[in-house]
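Predicted model only: the values in this text are computed from it and were never measured. Only this structure's heavy atoms are used, side chains among them; waters, hydrogens and symmetry mates stay out.
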Amino acid sequence: FRTELPAGRAPAGAALTPDGSRLAVGDDAGGLSVWAVADGTLAGRIDTGSREPVGAVAVSDDGRLVAARVPGGLGVWAVGAPDPRVSLPCDDPAAFRFLPGGDRLAVAGRDGVVRVWGATGREELTLFGHVGRVSALGASPDGRTLVSGSATGEVRFWDLRTGTELFAVRRHSVAVTAIEFAADGRYLVTAGDGQVAVWDAR
């Protein structure tokens with residue numbers, strides 16, 4: 001798959017659905033483009049309403065929804081629709097991702113709180129525990145566990161059904177910037193600047 005953004009725009013951020021069927025790309029002029037990878041067709045193009053680069057993008061498992069930062073928070077669009085489906089307030093959405101198996105979205109920022117939002121913009125869970133900025137989020141493939149990493153290097157595990165914190169550990173001496181599960185859910189990787197930890201998720 002190879003394509004070019006319109007009008008000489010440059011890519012600034014990207015996200016791929018877990019099955020690799022759709023690719024969402026944010027550009028340096030506030031735009032979002034979504035492609036079907038198999039045949040290279042454009043599924044939709046969105047103007048976020050900001051001229052700032054879209055450096056962070058999230059796409060739902062089925063590729064129908066895409067999220068990106070907007071002034072004052074986070075915007076969620078149905079692919080192909082020009083206007084946001086919902087706008088979520090957040091002081092600084094440093095980390096956000098769609099949760100597996102649906103259209104719920106986990107969002108965190110500099111206040112140390114992780115919030116889980118439903119498709120209609122209703123706040124479903126509020127997870128307190130971090131001190132300072134939450135810099136990365138990951139979710140198990142079965143949608144039962146959320147993992148959050150902070151600027152202090154701390155990693156916390158949460159039960160997404162109840163909002164209960166399972167445990168916390170300070171594994172990194174730098175900010176956690178990436179959290180990903182293996183497709184089968186057995187392993188988890190957390191990473192920061194020059195540091196990578198591989199966990200047995202069981």
For [X] and [Y], which heavy atoms make the closest approach, and how far apart are they?
X: A136; Y: A178; answer: CB-N, 3.8 Å
X: E165; Y: F128; answer: OE1-O, 4.2 Å
X: L5; Y: A10; answer: CD1-C, 3.6 Å
X: A36; Y: R22; answer: CA-CG, 4.4 Å
X: G118; Y: R104; answer: CA-CG, 4.4 Å
X: E154; Y: G129; answer: OE1-O, 4.5 Å

R45 and S33: side chain donor to acceptor below 3.5 Å: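 R45 vs S33: donor-acceptor pair found between side chains.
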
Go through the side-chain N and O atoms of S150 and T152 and say whether any donor and acceptor fall under 3.5 Å apart. yes

Backbone of [Y] reached by a side-chain donor or acceptor of [X] within 3.5 Å:
X: T190; Y: I179; value: no
X: D27; Y: G31; value: yes
X: S60; Y: F98; value: no
X: S135; Y: V176; value: yes
X: R156; Y: S148; value: no

When you compare the side chain of [Y] with that of [X], does any pair of heavy atoms fall below 4.5 Å?
X: D62; Y: T17; answer: no
X: P100; Y: D61; answer: yes
X: V113; Y: L127; answer: no
X: L137; Y: V114; answer: yes
X: T3; Y: F1; answer: yes

Using the rule ring pair (Phe, Tyr, Trp, His ring centres under 6.0 Å), only one of Y187, F181, F157 pairs with W199; which is it?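 That would be F157.
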
Begin from the C-alpha positions of V59 and V34 and carry the test side chain to side chain contact (heavy atoms under 4.5 Å, CB included) through to its verdict. CA-CA 9 Å; V59 62; V34 181; 5.6 Å; no

If you group Ile, Leu, Val, Met, Phe, Trp and Tyr by side-chain heavy-atom gaps below 4.5 Å, do [X] and [Y] land in one group?
X: V198; Y: V174; value: no
X: V79; Y: L42; value: no
X: V25; Y: V54; value: no
X: V155; Y: V189; value: no
X: V169; Y: L188; value: yes

Within a 6.0 Å radius of atom CG on D193, are there more than 12 heavy atoms belonging to other residues, nucleotides or ligands?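 Open: at most 12 neighbouring heavy atoms sit under 6.0 Å from CG of D193.
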
Does R9 have more than 12 heavy atoms from other residues, nucleotides or ligands lying within 6.0 Å of its CZ?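 Correct, the count exceeds 12.
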
For L32 and V57, what are the C-alpha separation, side-chain angles and deciding distance, and is it a side chain to side chain contact (heavy atoms under 4.5 Å, CB included)? CA-CA 9 Å; L32 275 168; V57 182; 3.8 Å; yes

Among V86, L99, L74, V116, which residue satisfies the side-chain contact (heavy atoms from CB on, under 4.5 Å) criterion with L105? L74

Walk me through whether F96 and W117 qualify under ring pair (Phe, Tyr, Trp, His ring centres under 6.0 Å). CA-CA 11 Å; F96 55 94; W117 300 86; over 10 Å; no

Yes or no on side chain to side chain contact (heavy atoms under 4.5 Å, CB included) for L125 and R115, after CA distance, side-chain angles and deciding distance? CA-CA 6 Å; L125 290 174; R115 293 177 171 86; over 6 Å; no

Pair W77-D83, side chain to side chain contact (heavy atoms under 4.5 Å, CB included): steps then yes or no: CA-CA 7 Å; W77 291 263; D83 298 319; 5.7 Å; no

